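Comments concern the structure below.
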Amino acid sequence: MACRSGCCCGSGPINEDNARFLLLALFIILYLLCGAAVFSALEQPKEREAKARWAQRFERFSQRYNLSERDLKNFLRNYEEANVAGIRVDTIRPRWDFTGAFYFVGTVVSTIGFGMTTPATVGGKVFLMFYGLLGCAATILFFNLFLERVITVIAFVLKSFHERRRNKVVLPQNGRCVSEEGRAGGAEAGGVGKGQHLAGWKPSVYCVMFILGAAAVLVSCCASLMYSAAEGWEYLDSLYFCFVAFSTIGFGDMVSSQRVVYEGHATVAYRVGNFFFILTGVCCIYSLFNVISIVIKQVLNWLLRRLEVPCRCCFPRRGQHSHRHPRRNVVAPGHLRARRDPSIETDAINESETDTGRRMSGEMISMRDFLAANKVNLAIMQKQLSEMAIGHPRQASSCSHQNGFSGGVGALGIMNNRLAETSVDR
């Protein structure tokens, strides 16, 4: 069915991928507006109080020590420059020794970027651009591979529990032990084996999201206990730091492992534990975010189905035959989509062949012609990238576009067809 917003404007049916993209963009804009309103209501009164308190302190200090306002502000600007270079009032660990630099590059490649340490030299800034380019890409690949293994392990465990539940042993009247699945298989032709019966079983995305969420909460709670004891933070502040760090937001208002020595604690052990918790937490939160994105995409697909309404402009009138090939993933009626499910390759070839005469006449090629001529190569490259991300060739299926989860590179490509909600045969 055609999307109402696409047909009423006279532009014809809307591409399903574009409709989903626009709907997600609208949702993000509304989400940002709501978040801005909430944070403004919560934090603005505190900001006003802090400004008023600072103005009083500034005036009292300048009067007490007989300093001009201009001289005092210049001194504070000098301290801000020193603060950027890593100099603090309290004694902290060196910023650019080997351990400090290792902590810095860890925040760079993980995209946390606390901001406590930044390069001040021209050579350091230039080197960071090239170092971060390769390091961030490699770390994202590591996170994707971690996600793939987490999904595989969770699917294996859930499938084992599912298989054990289906194979509960019951005792019939004749005293012979048979399983429920064996009885059901005996009634069918040949009795399907339990391995074949569960071959297509996949875990639900909601169950995987619950497990990853529980793992992330467990890691955050354990890390918060360590930070509260070592850093002297409140437990809620430690939880706040864990989320900001694990989600790679990295505000920099709270940073762990910055003291030279931790009294009453083994400094080396604490720093090793800090590295372990940050690495584990980032991996868990990254995996959880990607699974939540699958749920968001499901909601978008549901909204698109609810917004689908019949529109006359999507159907050719009697006696008229449209010579225009339908666009890929177009939101059209189900019976029309069943008649023709073109692939990217065939669409590109047909569109390029129809304009061969005009291109041979010497007319300048348009952007639409250029994209149509290169669509085959782009589709092949996307398919190869998707297969490399998933780790095995994708199986061709005529219903690969029905659930809205086909294709994808990276985390979405890894989870494609691995969960029940992203499977092409559901």
Side-chain angles (χ1 to χ4, degrees), residues 17 20-21 24 28 105-113 129-159 202-220 242-250 275-298 300-301 378-395 400 403-424:
D17 296 333
R20 189 183 300 111
F21 171 78
L24 179 60
I28 292 176
V105 296
T107 60
V108 170
V109 299
S110 62
T111 68
I112 296 177
M129 298 178 188
F130 295 97
Y131 183 84
L133 182 65
L134 180 61
C136 293
T139 306
I140 291 175
L141 176 61
F142 174 80
F143 290 157
N144 287 333
L145 295 179
F146 177 86
L147 172 62
E148 182 179 10
R149 278 144 185 82
V150 165
I151 296 296
T152 302
V153 171
I154 293 178
F156 176 79
V157 174
L158 293 179
K159 187 175 182 180
K202 296 180 179 65
S204 172
V205 66
Y206 303 102
C207 187
V208 174
M209 181 177 64
F210 175 79
I211 294 175
L212 289 176
V217 170
L218 179 62
V219 172
S220 300
C242 288
F243 177 78
V244 171
F246 297 168
S247 60
T248 70
I249 297 175
F275 175 80
F276 170 78
F277 275 119
I278 288 181
L279 178 63
T280 307
V282 169
C283 291
C284 290
I285 293 294
Y286 176 84
S287 303
L288 180 62
F289 282 171
N290 283 282
V291 174
I292 292 177
S293 68
I294 293 294
V295 178
I296 295 176
K297 199 169 185 179
Q298 277 191 300
L300 295 177
N301 293 336
L378 292 175
I380 295 175
M381 182 177 66
Q382 183 183 13
K383 181 180 179 182
Q384 291 175 350
L385 290 174
S386 178
E387 291 177 355
M388 291 173 63
I390 298 175
H392 56 80
R394 292 168 53 198
Q395 300 294 331
S400 60
N403 56 10
F405 289 94
S406 60
V409 179
L412 290 178
I414 290 174
M415 290 186 291
N416 180 39
N417 208 27
R418 289 177 179 265
L419 302 175
E421 286 76 9
T422 63
S423 180
V424 297

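A quick note: this is a predicted structure, and the numbers were derived from the prediction, not measured. Only heavy atoms go into these numbers, but all of them, side chains included; no hydrogens, no water, no symmetry mates.
With values rounded to the nearest 0.5 angstrom, Lys159 atom NZ is found 15.5 Å from Ile154 atom CD1. Put simply, CD1 on Ile249 and OG1 on Thr111 are 10.5 Å apart, with the number rounded to the nearest 0.5 Å. Atom SG of Cys136 sits about 13.0 Å away from atom CG of Leu141, to the nearest 0.5 Å. Once rounded to the nearest 0.5 Å, the distance linking CG of Asn301 with CZ of Arg20 reads 4.5 Å. Atom CG of Leu147 sits about 9.0 Å away from atom OG1 of Thr152, to the nearest 0.5 Å. The structure places CD1 of Ile296 at 7.5 Å from CG of Leu24, a figure rounded to the nearest 0.5 Å.
Across Ala216 and Ile285, no two heavy atoms sit closer than the pair CB-CD1, 3.7 Å. Nearest approach of Leu158 to Pro203, heavy atoms of both residues: CD1-CB, 3.6 Å. A pairwise comparison of heavy atoms in Ile278 and Phe246 identifies CA-CE2, 3.6 Å as the closest pair.
With a 4.5 Å cut-off on side-chain heavy atoms, Ser220 and Phe243 do not count as touching. No side-chain heavy atom of Leu279 sits under 4.5 Å from any side-chain heavy atom of Phe146. Considering only heavy atoms from C-beta on, Val282 stays 4.5 Å or farther from Thr139 through its side chain.
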| request: Could you go through the side-chain contact (heavy atoms from CB on, under 4.5 Å) check for Ile294 and Val208 one step at a time? | output: CA-CA 11 Å; Ile294 293 294; Val208 174; over 6 Å; no
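Relative ring orientation between Phe143 and Tyr286 is described as tilted, the plane-to-plane angle lying within the 30° to 60° band.
Considering Asn290, Ile292, Leu288 as possible partners of Leu212, the one that fulfils the side-chain contact (heavy atoms from CB on, under 4.5 Å) test is Leu288. Each of Val295, Ile211, Val291 was evaluated against Tyr206; a single residue qualifies, Val295, per the side-chain contact (heavy atoms from CB on, under 4.5 Å) test.
Residues that satisfy the side chain to side chain contact (heavy atoms under 4.5 Å, CB included) test with Phe210, not counting sequence neighbours, are absent from this structure.
No more than 12 heavy atoms of other residues, nucleotides or ligands lie within 6.0 Å of CZ in Phe275, so this atom counts as exposed by the packing criterion.
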